[in-house]
Structure formats: C-alpha cells, structure tokens
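Some notes on the structure that comes next.
Per chain, numbering begins at 1; letters A, B, ... match sequence-line order.
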Amino acid sequence: MTQELLDELPKNYQAANYEADIYRRWEESGAFRPETSKSKKTFSIILPPPNVTGILHLGHASMLAYEDIMIRYHKALGEKVLWLPGFDHAAIATQNVVEKQLAKQKIRKEDLGRTKFLLEVEKFVAQNRTTIKDQLKSMGSALDWDRTKFTLDEDVSKTVRHVFKKMFDEGLIYRGYRMVNWCVRCQSTLADDEVEHQEQQGKMYYIKYGPFVIATTRPETKLADTGVAVNPEDERYQQYIGQEFDVDLAGHKVHIKVITDPIVDKEFGTGALGVTPAHSFVDYDLSQKYNLPVIELIDQFGRLKDSGGKYAGLKVKEAREKFVADLEACGQIVKVEDYQNNLSICYRCGAPVEPLPSKQWFVNVNKKTSRGKSLKDLARGAVKSNNIKIIPDRFNKTYFQWMDNLRDWCISRQIWYGHQLPVWHKGEEEVVVSAETPTQVFVLRHGLTDWNQEDGNTRIQGLTDVPIDESREKLVEELAGNWQQPIDLIVASPLIRSRQTAEIFAKYLKAPVEIMREFQERDYGVFEGQSIAEIKTKHPEYYENKLTFAIPEAETFSQVQDRARRGLEQLIKKYPGQRILVVTHTTVIRSLLRLIENPADRELTDFYPKFGQVWHWNFIKENLKKGFDLRQSTDTLDTWFSSSLWTFSTLGWLDQKKDFTTFHPTSVLETGYDILFFWVARMIMMTTYATGQVPFRTVYLHGLIRDKNGQKMSKSKGNGIDPVEMIAKFGADAARLSLLANASAGNDVKLYEEKIAGERNFVNKLWNIARFIYAQEIVPGPHRSTWADKWIMAELNQTVTAVTNHLEGYEFSQAIEALQEFTWKKLADWYLEMSKIEGGKGGLLGQILETTLKLWQPFIPFVTQAIWQHASQELLMLQAWPVAHRTEPGVDQEFAELTELVTAIRQWRAENNIDHKEIVQANFVCNKSSWLVKQLHLVAGLTKIQWAEEVSGEVIELAISQLTLKK
RNA sequence: GGGUUCGUAGCUCAGAUGGUUAGAGCGCUACAUUGACAUUGUAGAGGCCAGAGGUUCGAUUCCUCUCGGACCCACCA
C-alpha cells in the first residue's frame, strides 16, 4: 500500500459516491439488528415516529443524528442495542394534507364519503412512507428496519384498544358534555395543548347591558349570556348581587343573573363580566358553579345557531359586525378601544378555535387509578423519584408546571383518519367498549323477493359488528330477539372468535351452525409470525410500504376473494332461497360485497377493511329495518393517545413478547423540546399507568433548528434548508456534524450553509489524513518510541477518555470538539508533519488511524467506513470502542513547550518577511542541557523541521536566545 | 400574571462547582503552496464576557436590580 493506493483514492472525498453502497452493506449485514450482540446489557431507543404527512425536515435530521450516535456508541460497547423505527399516522395533519390535495381537484372529502376518502389517505401514506424511509436512511441511521411499526398496525391498534378499555373499565375514560376546543376548519375537537395563541390587534367593546356596562372583545357571544359576574368586594355593584334582569341588546333579549366570584378582576374593564357559559372556558366554569343555564350559540361550522335570534346563520365575524352596528344604532355602545388579545388557533391548520360545549370522550387525569395514584401523580412521581431523568434538567420545572395545570384530556376527534374509538353505541346512548376487533355478522339471502326490490339476486340483508368481550352474549341475545324472520342456517368462519359468536347465535336462533373454511381469513394484514426474508423477496412492494391493509405473506386480497367466492357459490347452490346468517371477518365481507351484484350494495363495495365498521351506521340506518342498530362510534382517537403508548405498543407488551421484556423500559427518549407536552409527558403518564414501568430512563431534549437570524424555518418564509439537498451537496456526515456542533441540550441551533461547508471540509481533511497514512511504508520490526510518538499517543488516549466521558454525559457537541481538536490540530498539523521527518511510522500511524476512525464512527459513519474498508473487510461499526491506555505523564506539557518554540520561530519569520527557502538558525538556552541540543536548525516551514535527536527528560525552561539567518 | 432562557471577537456559539494569558468555527489581514489535503498550510488582528450594584482575597462565572432579545404556561373577559 503506497503510491498505487494513493492514486486509487481520489484527492477529495465525494460522499455521494459512497453513501448508498455503504448503507446497503450495513443493512444487508444485519448490523442494525440487536441480535449481533449476545450481551445481557441492553440499550434501546424507539425512534420518535415521523409523520407520514410529508418529507424529512431538519428536526428529523438532528433527531436522527443524536440518536444514531448513541446507538452506534452503545453498539461499539458491545451492548444489545435496538433502535426501532416507525411512522405516525398523525391523524389531523395527514387528513389535512390529503384534503388540500383533493381540494386542488375541487373534491371535498364529503363528496367521496368516509370510506373512499380513507382509501385516498392510505394511498398517500403508502407513497410517503417509502420516501420518508429513504430519507431516514440517507442520514445513515442504524435503524432495525425489520422491526418497523406504524401506529395503525394491527398489533399497535390492539394495544390502543386494550388500554382504552382498561381505562374505561376503571372510569379513567368517560364520556361527558363539557367545554372543548373546536377547530372550525378541521371539524374536530382539539386537546388544550393543541391550541396555539396568536397575538392580534382586536377591539374591546363597552356595551350598555341592563344596569351595567360590560367590556368584551367578542360582543356576538353576549347573545347567549346568562349571567353577569362581579367581584364580591366591588362596592359599585353590591346592590345587584343575586338579582336577575332581562337585558335588551339591540332588541335581542337575554335573561341574566348577577353572581359574584373572586375570579373577577375589579380593575379589568368595568369590573362586570358578562357570562357566556357556552363559549368561554371561564364562563362555563362559572355557570357550573352558580347554576347558570348554558345556551349554545355557535355551531360546529362557526355559525350562529337559532339562539342567535335574527343573527342566526351568520358566521361569527359577520354576526359581530352586524350586532355591533345594531347596538351602535341603539346607542348601546359606550366606547370601543383598541385592544391586544390572544386569538386561539389550531396548531395544525391555523384556523380559529372556538370553545364550545360538546359531548366528547375524556381521560380523567385526577381520578385514582388501579395503581393507587392518579395519572397526574403517576407522571409526576416518575420524574420526581428520578426514575426518569430529563436533560437539560431545567425542563423538569416546565414539566411539573404543565402537569400541575393539566385538565382532563379530550381524546375523541371527529376526523376520519385514525384509530376508531373501540366504542359501540346501541341506539343513541348505550355504550359498549371492547378492545377486540369485532366479528362481522350479516345475513345473506339468495333469490330474495320480499325485500326492497323485486330482484332475484343474492344480497346482503343486514350487517353489523359484534364486539368480542363479556358484552357479546347480551348483544347477540338482543339481536337475535329482534329478528322477525327466521334464520335457516348459521355459517361461520373456523376461527375461534367467529365460531364462538356463531354458537351464541345458534342458542337463540335455534339454527344449525356450519363451519366454512372458505370464509376464513388467514392473517390478512397481520405481520406477526412471518419471515422477513420471505416478505422481502416475495413482496418487495409490501415490504417497502408495509401497507396496513395488505401485509406480506398473509393472504392478498384476491386470494381471500377467490376463496370467499367459492364459499358463496357453494352456499347458493346448496341452500337456495334460504336466509343465512354469516359470521366472519372484515376482509371476507369486503370481498363478498364485491361479488354480489346489487346496486344497493354496490356503494359498499369500495369500503375499506381497516375502517370497515364506519359505514355500517349509514347503511343500516338507510337500508335495514330490523335488529341491526349496533354501531361503532365514528369518532377517532387523538393521535397522541396512540403515540403515548408507543414505547411498549411497538415492543409487544400486550403479548409480553421478548422484545418488550428485553428492551423496556427503553434507555433514552430523544426528541425536540417542542413536543415535551404533546408526547413526552403523555408517554410518561400513560406508560407508567398501563405497564407499571417508566417508558424510558432518560429524556434528552434537543433544541430547534433555526436559520442564521434565529428565525424558525418555514416554507412560506423561504428560509428553510432542505436536508435532502444538504445531504446531496455536502454529504450526510457533514450534515450530521453541522447539526450537532456548537449545540447544547435544549438550546436552539442556527444552521446555515457556511457551517455545513465547514464540516464538509473537516470530513475531507480526515479523508486525506487517511490517504497519507495509507501511503506510508510499513517497516517491519520493533521501533523505538520517539518523543513525538509518546506525545501523540498521550493525546490520543486523552481523546479516547474525553470522548467517552462526553458521550456518557450526553455532551455530543463537546465530544465532537475534542475529536476535531485531536484529529486536525494534533494529528494532522503536528504529528503527521513530524512523521515525515522522523520517518518509518507506517505501523504506528496505522494504529492511530484505526483508533481515530473508531472514535469518529458514531458521528460520521459513512466517511469512516469508506476509509476503513480500504484496510479491512469487516464493518467498522461492529468494531469495539477504544479503551484508553496509560501513557507517560508529562509528555504533553513538554511537547507544548516545543510547539511554542516552533511557533515563535515561525512568527519571527513572518514578521521579518523571511522567505521560506531561507534557513533560520535558532539558538536556545535551556537549563537542562543534557538532553536538548543547544542549537536547532529549523529550515523553512514546519514541513522541514529537523529533529536533531530524540529528546527525553524534563524541560523546565526553554527559550530562544537568538534567531538569525544562516548564511 | 407566572415561569424558563439568552446577551462572551464582525457573525455563529462553546466555556469555567469563582482562581494564571477567556476558547472554537466562519469572516477578516499578510504570507505560503507542483509532495495527503486550496474542501490546504503558516502567522496575525479582533473581547471592559450587556449595564449597575452586592458577596469574596479575587466575579465574565454566584446573588440582586436595570436594559435588551427569545420562548413556554395561564381563566384578563
């Protein structure tokens, strides 16, 4: 390895030529899997799942960089390391994106209907997942792709339903009529922390209001006032307390009661607060406290209801303008002031959020759970007891403050995409909750003539879900009791859930049960138990996309359909004209529906299995008369509900899978501080409750990436850096370094092109250090260790210690700094130059490079591997982490004095404008004359230093006494 | 209203449980360069560590206040 190799390696490192190949090599080798280690010691991180909405952004990029460093470091330590990737369906966000796309084609989601719309969403998601996955890979992330999870995967969903039911049974989840935040655009509720506040210039209106003047920024809500609140100590209003008034507001009559509450600020406005219980959180609380009626005024579209009198039907803003004009005309506006207040807006779409009362599902955070404490207290305890450590620790305070103020969490959303609530309604009110997916029950009839149309086709006559739990028997009894026509035969799929349901029906219907294999569903859409390798080869497209409705190896839809067709044909042939109750599964029904030619059913044939239950309600209501009114709630769960279970739902907690027992609690949760509340706090709360374990031991919160001026990067401002472009231009390694260098936990990082270029330059420097070292001859045999050798080894060992300590302490930026200092300033600038003079250092340089690469590998995995593979077939990432050796003490100090001398000489040259070809003679004085040559001939720049002899011993004082030009 | 955080070189930021000469990168100036690397090297300029008090032998570091930014939470109608 000498000159030829040098010629072989390009002068500059071109990242793009190496990265894809190297990543493929890693992945194919299985190095990303925990199984490469036999160690008992484990380390695990669950990747905060990126939304399937779009593309990689810088937040993802820095998250990946931090986590990959930890993962690779712990792998190098030999631990059993898991980094589990996943994707979040991000309910509202995803739905919004798809809605916008459709809007471009002038299609509203209501035009499509829920089922077809969800198909569109699923298509969009499948496309995006491949893109995002490739982007995650492009950062070099050592993720175990074989364990990829999606929040809508069946096993994850099952955990979601299970926890929901557990909480429902304990009374921790309840349904109630309460004030909620309503996004008028998304047509859904939002949790308290999903509402953002934006300062806006508004107006404060002072309105004559019976005997009062009240101040308000939202006059239109006064149409639904039922009270006036004053401070109990306010002398001005004492005579009115407890009285009731009819107030005329420009012709609109409201009846109010005067109440007192210390919450009212005497100084604010006029000290009299008009109470609108239905559209303000404070007012609602007051109304509950003092028994004021609640008049709903604003509807879900942001329009006034009939209670708004002549303003009914107007949008809030229009109503306000009109009402104010009317008040003005009646002389009821006392004054109008400019006023700055906060407008509530939706964090996903930016549309205004209206507080309004609604019947929704809530998590009670204050009720005592089966673990003896409330969710709040469990969450507080986990951090207080130090079972979870938050870095930086100042976020402890933020965390506790948020927890202390936490109110019940509204978890039901009125959007279509997501986990449907595992709740069944019977009629209008009754609620059944089941964690299990339901058995589908329907009645099939061939040659039907007595129903709706006079056709002789086979058709489905009724369809419903039967939840699988203790409520099943009761429901079946009721269903069967409601049947007015006899059932001749019950046909069931052989799977146990269906068989059980069929048996219960048989008891009440007195009909025989026949099992039909043709109506079985075989692992359709289930990932469990399949060989990854098989999936990869047989169904690459499924493997890549992992579509939720068709997971590999399990049957494809057409396979199910073929079989179901055979079953249907047999049935029709064997039992013509009979009424048959079929108990089976979603996919089978879906395929049967496609087979049955009937216009009334055709609408159903597009329905989508994952969300199959949703259309039953309309279908049943419109088309079926008897006994089928059991329907699943159409609401979906807050996406953060499923996310809050993520550390354990991904590891197989429900079935106590080995991954769960091995890797949970996970070691570190690494994410941006901006989702401390949304996600981190809720994970702590829910995981501690559900599993009795903390979700993770350490929380590392990184700062947000901003532009050079500290502004948030955004598309509209055009100040964003696209990580994909950044990687293409500078390489993933440089991108990683630029995101981490000069960053500290919890503090924002500014990113700009010069910074990335700087790191690219470093990567190239390392490349050339390697080029130089590889070109050195390796001279066999033992070598004397020179002063320079001892020094560089001491520096290297100090660096090993420093980097290790920094990594243990989550000080990533400082680790990088230490490594760069060593690599560039010590190794390249000094030692390599000295090695040119001393010569014969091929072997030692090789060792130094090896250790250096091992230290750098977690940070810049691509270039280090690219260098490494010129010398070794093995993968660098599987090499053991370096251990610091003992070195001779004091060498570094001595060496520092030498570098000072050299620098002094160079400075003298520079100041005196000495041409580099000139030879400088330097005379030194030294009180330890025994070891240092008195005269050192230094020629030109550093590259030509002459090391007169090996130096040992102790330098106490060393100084240049004279510098002259040597003739 | 409560809370957090920042103010260190022209720019972006480190740092020290209080202790010699306060660091890095970029930028700037001068010089060099056919030998691993111009994605380079060498040398240099540039800081009252926001301001004012206090604690201390000693403060850029700890405390208080002021000024100036950023952020989070909250029921100012």
Pick the [atom1] atom in [N] and in [M], then give their distance to the nearest Å.
N: B:rU29; M: B:rU34; atom1: C1'; value: 26 Å
N: B:rC13; M: B:rU55; atom1: C1'; value: 30 Å
N: B:rA16; M: B:rC71; atom1: P; value: 27 Å
N: B:rU21; M: B:rA59; atom1: P; value: 13 Å
N: B:rU61; M: B:rU8; atom1: P; value: 14 Å
N: B:rG27; M: B:rG10; atom1: C1'; value: 7 Å
N: B:rA9; M: B:rU60; atom1: C1'; value: 14 Å
N: B:rU5; M: B:rG44; atom1: C1'; value: 36 Å

For [N], which nucleotide in any strand shown is its Watson-Crick or wobble partner with both distances under 3.5 Å?
N: B:rG46; answer: none
N: B:rU5; answer: B:rG69
N: B:rG35; answer: none
N: B:rG23; answer: B:rC13
N: B:rU64; answer: B:rA52
N: B:rA77; answer: none

In whole angstrom, give the distance that lies between atom [atom1] of [X] and atom [atom2] of [N].
X: A:Leu849; N: B:rA36; atom1: CG; atom2: C1'; value: 12 Å
X: A:Trp767; N: B:rC37; atom1: CH2; atom2: C1'; value: 12 Å
X: A:Asn396; N: B:rU5; atom1: CG; atom2: P; value: 12 Å
X: A:Trp830; N: B:rA36; atom1: CH2; atom2: P; value: 18 Å
X: A:Lys836; N: B:rG35; atom1: NZ; atom2: C1'; value: 7 Å
X: A:Leu676; N: B:rU4; atom1: CG; atom2: C1'; value: 12 Å
X: A:Arg760; N: B:rC37; atom1: CZ; atom2: C1'; value: 12 Å
X: A:Asn768; N: B:rG41; atom1: CG; atom2: P; value: 10 Å

Given B:rA36, B:rA14, B:rU39, identify the nucleotide with an atom nearest to the side chain of A:Asn764.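 In terms of side-chain proximity for A:Asn764, the closest of B:rA36, B:rA14, B:rU39 is B:rU39.
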
Can a donor-acceptor pair under 3.5 Å be found between the side-chain atoms of A:Arg394 and the base atoms of B:rU4? no

Please state whether the base of B:rA36 and the side chain of A:Glu833 form at least one donor-acceptor pair under 3.5 Å?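 Such a pair is found, so the answer is yes.
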
Which parts of nucleotides 72-77 of chain B does protein reach within less than 4.0 Å, heavy atoms only, written one letter per nucleotide 5' to 3' as B for base, S for sugar-phosphate only and - for none? SSBBBB

Can you give one letter per nucleotide of nucleotides 20-29 of chain B, 5' to 3': B if a protein heavy atom sits under 4.0 Å from the base, S if only from the sugar-phosphate, - if neither? ----BS----

Phosphate oxygens OP1/OP2 of [N]: is one of them under 4.0 Å from a side-chain N or O of [X]?
X: A:Gln907; N: B:rG44; answer: yes
X: A:Lys750; N: B:rC13; answer: yes
X: A:Lys755; N: B:rC13; answer: no
X: A:Lys397; N: B:rG2; answer: no

For A:Asn742, enumerate each residue passing the side chain to side chain donor-acceptor pair (under 3.5 Å) test, keeping only those at least two apart in sequence or located in another chain.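 A:Asn742 satisfies side chain to side chain donor-acceptor pair (under 3.5 Å) with no residue once adjacent residues are dropped.
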
Identify, with sequence neighbours excluded, every residue that meets side chain to side chain donor-acceptor pair (under 3.5 Å) alongside A:Gln288. none

My understanding is that only one of A:Lys826, A:Met834, A:Glu833 makes a side-chain contact (heavy atoms from CB on, under 4.5 Å) with A:Trp830; could you say which? A:Met834

Scan [X] against the nucleic acid and name what it touches under 4.0 Å (heavy atoms): base, sugar-phosphate only, or nothing.
X: A:Gln14; value: base
X: A:Gln814; value: sugar-phosphate
X: A:Ser744; value: sugar-phosphate
X: A:Lys11; value: sugar-phosphate
X: A:Ala828; value: base

If the condition is salt bridge (charged side-chain N to carboxylate O under 4.0 Å, His left out), which residues does A:Asp338 pass it with, not counting sequence neighbours?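 Listed in chain order: A:Lys203.
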
Listed partners of A:Glu811 passing salt bridge (charged side-chain N to carboxylate O under 4.0 Å, His left out), at least two apart: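 A:Glu811 satisfies salt bridge (charged side-chain N to carboxylate O under 4.0 Å, His left out) with no other residue.
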
A:Asp193 and A:Arg407 ion-paired at < 4.0 Å: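 Result for this pair is no, no salt bridge flagged.
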
salt_bridge(A:Lys266, A:Asp234) N-O dist < 4.0 Å: no

Listing request: all side-chain hydrogen bond (donor to acceptor under 3.5 Å, both in side chains) pairs with a residue in residues 205-219 of chain A, at least two apart in sequence or in separate chains. A:Tyr206-A:Glu337, A:Tyr209-A:Asp225, A:Arg218-A:Glu220, A:Arg218-A:Glu354

Do any pairs count as a side-chain hydrogen bond (donor to acceptor under 3.5 Å, both in side chains) and have a residue in residues 814-823 of chain A, sequence neighbours left out, and if so which ones? A:Glu759-A:Gln820, A:Thr823-A:Trp856

Geometric cation-pi criterion, A:Lys257 with A:Tyr290: 6.0 Å, 45°: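 No, A:Lys257 does not lie over the aromatic ring of A:Tyr290.
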
Side chains of A:Glu194 and A:Tyr347: any donor to acceptor distance under 3.5 Å? yes

Quick one: salt bridge (Lys or Arg N to Asp or Glu O under 4.0 Å) pairs with a partner in residues 279-291 of chain A, sequence neighbours left out?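 Those involving residues 279-291 of chain A are A:Asp261-A:Lys289.
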
